[in-house]
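The basis for the numbers below is simple: all heavy atoms, side chains too, and nothing from hydrogens, waters or symmetry mates. In this text the structure is predicted, and so the values were computed from the model without any measurement.
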Amino acid sequence: MRADRLISLVLLLRHRGRMSASQLAEELEVSERTVLRDIDALSTSGFPVYAERGRHGGFELLPGFTTDLTGLSVEEATALLSADASASLGMSSAFASAMRKVAASLPDEQRRVATSVAERVLVRPEGWLRDTAPDEHLGLVQQGVFLGRRLRIDYEGRSGPSRVRTVDPVGLVHAAGQWYLMATVNGDDRTYRVSRIREAELLTEPARRDPKIDLGKLWDAGRSRFRSTREMVRVQLRIRGEHLASVEATAVEVEIRSESVSESESESDEWIELDVLFGGVEHACSTVWMLGEDCEVLGPHDVRSAVYLRARQVMARHAADEP
């Protein structure tokens with residue numbers, strides 16, 4: 001474990017440049033005392049690590065230092081080799097070439113184990129009945145992010161007509177099967193679902209953005225702001241156990257309250273009571289309707305009433321053809 005940590009420390013300094021002991025400790029999830037011991041061990045082993053004192057000081061490798069050390073474990077190599085090239089932002093040939101180089105750099109035994117396991121993993125975006133439509137403008141948005149150039153996009157939000165705006169792209173995030181563009185508009189953080197971009201144009205102007213932006217923190221902050229604007233509702237559901245994964249995939253939070261099995265003891269008769277947090281009554285009702293007769297709302301009353309009223313409206317609309 002320490003050898004892996006020392007390799008990671010060297011790669012961090014190569015990639016990031018000067019870093020303080022506290023920054024290294026946070027990245028490696030160890031104490032600052034451990035980082036100092038590791039730095040001492042690297043120096044003793046001949047790695048050209050030096051310390052710069054002062055307010056903006058830290059540890060750094062001598063300029064021009066290079067190493068072919070990758071530090072890939074079998075698990076890490078397997079994860080890379082199992083990745084689907086078609087999901088690599090439209091750069092299939094470059095991604096495949098990089099993976100070949102990764103495989104070639106591994107020792108024989110590691111390469112054999114990693115490729116053997118990777119051949120048993122297949123990633124496909126399409127399902128049995130529905131093909132996932134590709135995000136039409138993902139490639140151009142990617143160029144804006146990578147080249148650091150502004151984008152003019154015609155974006156259709158959740159409500160209202162589409163609107164053209166000029167954005168400074170910060171990064172791309174893939175979450176819950178969707179691509180999102182993180183950007184700023186006049187310095188304010190914005191998040192755009194790439195599938196809702198109707199038109200996109202790559203401008204010649206350089207993007208105005210912080211070179212040290214933390215994309216993860218930016219995404220978490222935007223997600224928290226979005227959730228704070230939603231009127232969350234906690235609902236008690238009774239569902240068939242086979243649909244638990246579907247509820248977990250769409251809800252904000254899910255807690256299992258109890259489980260019960262009917263007298264037949266069959267898998268399809270297993271029912272579960274859940275305490276579920278939804279992003280509003282409409283969100284809760286859409287999930288209930290998706291599950292149909294395999295779901296019952298136990299509370300609160302307003303959600304149960306909303307489901308009942310919608311059921312009556314559907315019955316009234318479809319009753320005309322009944323004898």
Side-chain angles (χ1 to χ4, degrees), residues 75 78-79 82-84 86-87 116-133 158 173-180 193 195 216 219-220 223-224 226-323:
E75 291 78 11
T78 300
S82 300
D84 182 11
S86 65
S116 175
V117 175
E119 286 171 353
R120 287 161 177 78
V121 178
L122 179 66
V123 180
R124 285 290 183 266
E126 68 273 8
W128 286 100
L129 295 176
R130 184 171 63 90
D131 292 336
T132 302
R158 285 180 171 271
V173 175
H174 191 259
Q178 294 284 344
W179 281 106
Y180 295 89
R193 185 185 291 187
S195 61
W219 170 261
D220 290 340
R223 183 169 176 267
S224 297
F226 175 77
R227 290 178 60 173
S228 67
T229 63
R230 308 283 289 187
E231 188 176 347
M232 297 291 181
V233 59
R234 194 168 292 276
V235 180
Q236 291 72 51
L237 297 180
R238 184 172 179 265
I239 68 167
R240 289 193 185 275
E242 62 196 76
H243 298 301
L244 176 60
S246 298
V247 176
E248 290 177 330
T250 187
V252 179
E253 294 177 3
V254 177
E255 180 183 350
I256 299 178
R257 300 175 62 191
S258 64
E259 300 182 21
S260 61
V261 181
S262 70
E263 295 179 359
S264 65
E265 298 281 338
S266 66
E267 182 181 352
S268 61
D269 289 328
E270 179 186 358
W271 288 80
I272 303 176
E273 290 188 10
L274 305 174
D275 190 7
V276 187
L277 184 64
F278 289 105
V281 173
E282 184 178 347
H283 182 200
C285 289
S286 66
T287 300
V288 173
W289 276 90
M290 174 184 70
L291 300 180
E293 62 182 9
D294 291 340
C295 175
E296 179 186 359
V297 177
L298 303 179
H301 178 72
D302 58 340
V303 177
R304 188 177 174 95
S305 296
V307 173
Y308 174 75
L309 289 174
R310 183 174 176 182
R312 291 194 61 173
Q313 292 169 353
V314 171
M315 288 177 61
R317 185 174 295 276
H318 292 81
D321 295 334
E322 290 296 319

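In plain terms, the two heavy atoms of F278 and A284 that are nearest each other are CD1-CB, 3.4 Å. Across all non-hydrogen atoms, the minimal contact from G279 to V252 is N-CG2, 4.1 Å. The minimum heavy-atom distance linking R234 with P300 is given by the pair O-CD, 3.4 Å.
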>> For a side-chain contact (heavy atoms from CB on, under 4.5 Å) check, start with the C-alpha distance between R257 and L274, then their side-chain angles and the critical distance, and finish with the verdict.
In response: CA-CA 5 Å; R257 300 175 62 191; L274 305 174; 5.7 Å; no

> Under the side-chain contact (heavy atoms from CB on, under 4.5 Å) criterion, do L291 and V247 qualify, and how do the steps go?
Replying inline: CA-CA 9 Å; L291 300 180; V247 176; 3.7 Å; yes

> Going through the checks in order, is the side-chain contact (heavy atoms from CB on, under 4.5 Å) test met by R310 and W289?
Replying inline: CA-CA 9 Å; R310 183 174 176 182; W289 276 90; 3.1 Å; yes

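The structure places SG of C295 at 8.0 Å from CH2 of W271, a figure rounded to the nearest 0.5 Å. Note: S258 OG to R238 CZ = 9.0 Å, rounded to the nearest 0.5 Å. Annotation: the span from D294 atom CG to H243 atom NE2 amounts to 3.5 Å, rounded to 0.5 Å. Distance check, rounded to the nearest 0.5 Å: CD of E255 to CD of Q236 gives 10.5 Å.
Counted within 6.0 Å of CD on E282, heavy atoms from surrounding residues, nucleotides or ligands total 12 or fewer; the atom is thus considered open.
Remark: the backbone N or O of H283 is paired with a side-chain donor or acceptor of T287 at under 3.5 angstrom. Using a distance-only test at 3.5 Å, with no hydrogens or angles considered, no donor-acceptor pair links the side chain of H318 to the main chain of Q313.
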Listing, residues 302-309 side-chain donor-acceptor contacts under 3.5 Å, not counting sequence neighbours, or none:
unit_1: R304; atom_1: NH1; unit_2: E296; atom_2: OE2; d: 3.4
unit_1: R304; atom_1: NH1; unit_2: V297; atom_2: O; d: 2.3
unit_1: S305; atom_1: OG; unit_2: H301; atom_2: O; d: 3.0
unit_1: S305; atom_1: OG; unit_2: H301; atom_2: NE2; d: 3.1

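V254 places none of its side-chain heavy atoms less than 4.5 Å from the side chain of L277.
Screening I272, V276, L298 for a side chain to side chain contact (heavy atoms under 4.5 Å, CB included) involving L237 leaves a single residue, V276.
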